[in-house]
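Every number for a ligand or one of its atoms is a count from 1 in the order of the listing. Numbers here are sequence positions counted from 1.
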Amino acid sequence: MENVMLKINNLTTEFKTETGIFPAVSGINLTINRGETLCIVGESGSGKTVGSLSLMQLLPPSGKIASGEIWFENTNLLQLKKKEISNVRGKSIAMIFQDPMSALDPVFPCGSQIIEAIRSHEKVSRKEASEKAKELLKQVGIPHPETVMKAFPHELSGGMSQRVMIAMALSCNPKLLIADEPTTALDVTVQAQILKLLKKIRIERNMSIMLITHDLGVVAEMADRVAVMYAGQIVEEGDVKSIFNNPKHPYTKGLLKSVPSLEDSNGKKLYTITGSVPSIASMPKGCRFSPRCPEAASACFEIEPKMNQLEQQSKVKCLIFEKGGKWET
Ligand SMILES: Nc1ncnc2c1ncn2[C@@H]1O[C@H](COP(=O)(O)OP(=O)(O)OP(=O)(O)O)[C@@H](O)[C@H]1O
Ligand SMILES: [Mg+2]
């Protein structure tokens, strides 16, 4: 399909640990369309970061993609050579992280780092790259680019350094931006500014964004579509309205109920999903969410649900949606 920018088929990523080899991401299927923002949401440890690092092939040495295909436009990224994939990474897909400070090199001024990023994939002089860097910094809302160019990373606030990271990411004019918790480390006002900036850039450049977050407020603000991850799998996928207004998976419902609201503040205890995400070495049998699921039937502890396609874009991996939920008998 022409509109599809990225298509992930049956991706499984494993880690080698002291006790064995275990999957952190298990058989993920996902599509991102041109110009859309897909949010990936889920509790800590659900596999969001491992999924995105797999996509960029930036896994640590103990991690390995065990199977699957990652189609970016017409290329299966998993069949590219190392050099070819680093070209894609520099040119077509860019990534920003939660902690911009750690992604910037502390010993070089910001300007020279952006200039290097530009010159690594464009044959331009230092002077031209410097002009482009200033232009990019202006685009990401930095009012005095010259000052920031001369500054060292530690001299910038968190919000400013995230803007510099975004400028660097944009320097290659990517078609897809992967943002892993880009605003988690920032205070709420700065968070709102950065989200607004990402929206603006996406529209101006018709770029696709894969935004990873555990914050449903960010999802509501940014997403066109949402994929909910739990224990290395996608358990629900749908457009943002259907996820918020008509969540289907008990896990999605639990996540939504766990968000504080004004009505809850009158002494009512905030809902929490009991228990925690299982470790990759001890995934439960059947549905991985079953030990924590308030709606689980006995079959849920034995049978792994399929991903059920519901209306148009909506999918859910839950037995309730198979056989009309008649699993008790
Ligand atoms: N290098 C590694 N070796 C072994 N297991 C790992 C490694 N990196 C991640 N994992 C495991 O993979 C699972 C998914 O981790 P991941 O970092 O993708 O979670 P996440 O959804 O991004 O969480 P968070 O919201 O905290 O960032 C976790 O159980 C984690 O412990
Ligand atoms: Mg993460």
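Looking only at atom types and distance, the side chain of Ser242 has no donor-acceptor partner in the side chain of Ser314 under 3.5 Å away. No side-chain donor from either of Glu43 and Ser46 sits under 3.5 Å from a side-chain acceptor of the other. Side-chain contact check for Arg34 and Asn206: no donor-acceptor pair (N or O, by modelled atom type) lies under 3.5 Å.
For atom 28 (C) of ligand 1, the nearest protein heavy atom lies under 4.0 Å away. For atom 21 (O) of ligand 1, the nearest protein heavy atom is under 4.0 Å away.
Residue Ser62 approaches ligand 1 through these ligand atoms, each under 4.0 Å from one of its heavy atoms: 1 (N). Remark: ligand 1 atoms within the under-4.0 Å shell around heavy atoms of Thr49 are 17 (O), 18 (O), 20 (P), 22 (O), 27 (O). Those atoms of ligand 1 that come under 4.0 Å of a heavy atom in Ile280, given as number and element, are 5 (N), 12 (O), 13 (C), 29 (O).
For Glu43, the closest heavy-atom approach to ligand 1 falls below 4.0 Å. Heavy-atom separations between Gly47 and ligand 1 include at least one value shorter than 4.0 Å. The shortest separation from a heavy atom of Gly63 to ligand 1 is not under 4.0 Å, leaving the residue out of contact.
Checking only distances, Gly45 does come within under 3.5 Å of ligand 1, N or O to N or O. Annotation: Val50 places an N or O atom under 3.5 Å from an N or O atom of ligand 1; distance criterion only. An N or O contact shorter than 3.5 Å links Ser46 to ligand 1 by distance.
Within the 2.8 Å limit, Ser44 places no N, O or S atom next to the Mg ion (ligand 2).
How far CG of Leu6 is from CG of Leu30: 7.5 Å, rounded to the nearest 0.5 Å. The line from NE2 of His121 to CD of Glu116 is 10.5 Å long, rounded to the nearest 0.5 Å.
Proximity of Glu131 to Glu135: side-chain heavy atoms (C-beta onward) are nowhere separated by under 4.5 Å. Side-chain contact between Ser161 and Leu104 is present, with heavy atoms from C-beta onward closer than 4.5 Å.
Residues that satisfy the side-chain hydrogen bond (donor to acceptor under 3.5 Å, both in side chains) test with Gln191, not counting sequence neighbours, are absent from this structure.
Under the side chain to side chain contact (heavy atoms under 4.5 Å, CB included) rule, Thr31 has a single partner from Asn3, Val4, Leu38, which is Val4.
Looking only at protein heavy atoms, the nearest one to atom 12 (O) of ligand 1 is Ala24 CB, 3.3 Å. Of the protein's non-hydrogen atoms, the one nearest atom 26 (O) of ligand 1 is Ser44 OG, 2.5 Å. The protein atom (non-hydrogen) at minimum distance from atom 1 (N) of ligand 1 is Phe15 CE2, 3.4 Å.
Summarising the contacts of atom 25 (O) of ligand 1 with Lys48, His214, Met283, the nearest heavy atom is found in Lys48.
Neither Leu136 nor Phe108 shares a network with the other; the hydrophobic side chains, linked directly or stepwise wherever heavy atoms of I, L, V, M, F, W or Y lie under 4.5 Å apart, form separate groups for each.
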